[in-house]
Amino acid sequence: MNLIFYIASAIAVASSLMAVTRHNAIHALMYLILSLLAVSVIFYILGSPLVAALEVLVYAGAIMVLFIFIVMMLNVGMEEEIEKHWIGPRTWIIPSLLSIALLVIFLIAMKDFSNNTIVNDISPKQVGITLFTKYLLGVEISAMLLLSGIVGSYHLGRQKKKIIHRFMKDEIKNTM
């Protein structure tokens, strides 16, 4: 189990560093998703399958899809540059290797834990009750922050598109 923990930790650290150092926002978000999946494997290995499932569903699932949607919505004029970089097979080597390594260690961890019974001290019902009673204010504040981020990014992206369209109309008028 220690070897699996160290491999998952190395994948989490490597993909986090790749997420921070990428110039393309979509690539950085993909590495961040891989990092979050590695962290969920670590939680599973440490004996907390509920937290691992919540990590995958909430962070790697919902929030990262939201971030990718916002980045793609604001991505003005970058389509050709992104397509050129995605065509080359060199771009897929590192993410593929990290993903395959993470899949292998997750399968090994599943095989090792299938023989053991894991005793959970907390149930999903208790997590829900705690989130929406004791920590309700924190949940509501984080929901409002996410909503304001979406509205703000949409507003900024919409203004950029208007400026670009206005500029293109002026250029077309000048050429005729």
Side-chain angles (χ1 to χ4, degrees), residues 1 4-79 81-82 86 94-95 98-99 101-103 105-106 109-110 113 118-165:
M1 271 311 131
I4 295 172
F5 174 80
Y6 289 125
I7 293 171
S9 300
I11 290 173
V13 169
S15 57
S16 296
L17 287 174
M18 294 294 283
V20 172
T21 59
R22 297 299 96 188
H23 293 291
N24 189 339
I26 294 291
H27 294 169
L29 286 172
M30 293 304 215
Y31 280 115
L32 188 58
I33 289 172
L34 184 63
S35 174
L36 291 171
L37 290 175
V39 169
S40 71
V41 169
I42 292 170
F43 280 131
Y44 186 79
I45 289 170
L46 291 176
S48 183
L50 177 64
V51 176
L54 288 174
E55 179 86 19
V56 170
L57 291 174
V58 174
Y59 291 111
I63 293 176
M64 286 298 119
V65 168
L66 180 69
F67 284 166
I68 289 173
F69 172 73
I70 290 170
V71 167
M72 291 175 79
M73 183 178 63
L74 294 177
N75 201 8
V76 179
M78 297 282 293
E79 294 85 7
E81 180 185 334
I82 291 172
W86 279 95
I94 294 175
L98 289 174
S99 298
L102 188 61
L103 178 67
I105 65 167
F106 181 70
M110 289 288 289
F113 276 116
I118 298 174
V119 178
N120 292 329
D121 296 333
I122 189 166
S123 69
K125 181 179 179 180
Q126 291 171 330
V127 171
I129 290 171
T130 304
L131 277 178
F132 293 107
T133 55
K134 185 176 179 182
Y135 298 109
L136 180 64
L137 184 62
V139 170
E140 292 296 325
I141 289 172
S142 62
M144 292 303 292
L145 284 173
L146 284 172
L147 181 64
S148 64
I150 293 170
V151 170
S153 64
Y154 177 75
H155 180 69
L156 290 174
R158 188 169 173 214
Q159 285 181 351
K160 286 181 184 177
K161 286 181 182 178
K162 284 182 180 178
I163 292 170
I164 289 173
H165 289 297

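Bear in mind that the values here come from a model prediction, so they are computed numbers and not experimental data. For the numbers below, each heavy atom of this structure counts, side chains included, while hydrogens, waters and symmetry mates do not.
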*Carefully, step by step, assess Ser9 and Phe5 under the rule side-chain contact (heavy atoms from CB on, under 4.5 Å).*
CA-CA 6 Å; Ser9 300; Phe5 174 80; 3.8 Å; yes
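- If you take CG on Leu29 and OG on Ser35, they are separated by 12.0 Å, rounding to the nearest 0.5 Å.
- Ile105 contributes atom CD1, which lies 5.5 Å from atom CD1 of Ile45 (distance to the nearest 0.5 angstrom).
- Distance check, rounded to the nearest 0.5 Å: CG of Leu98 to OH of Tyr31 gives 7.0 Å.
- Taking both residues in full, the closest heavy atoms of Ser40 and Ala52 are given as O-CB, 3.2 Å, listed atom of the first, atom of the second, then distance.
- Here the shortest heavy-atom pairing between Ala12 and Ser16 reads O-OG, 2.7 Å.
- Rounding to the nearest 0.5 Å gives a distance of 9.5 Å between CD1 of Ile141 and CG of Leu136.
- Note: Leu37 CG to Glu55 CD = 8.5 Å, rounded to the nearest 0.5 Å.
- One finds the OH atom of Tyr59 at 11.5 Å from the CG atom of Leu32 (value rounded to the nearest 0.5 Å).
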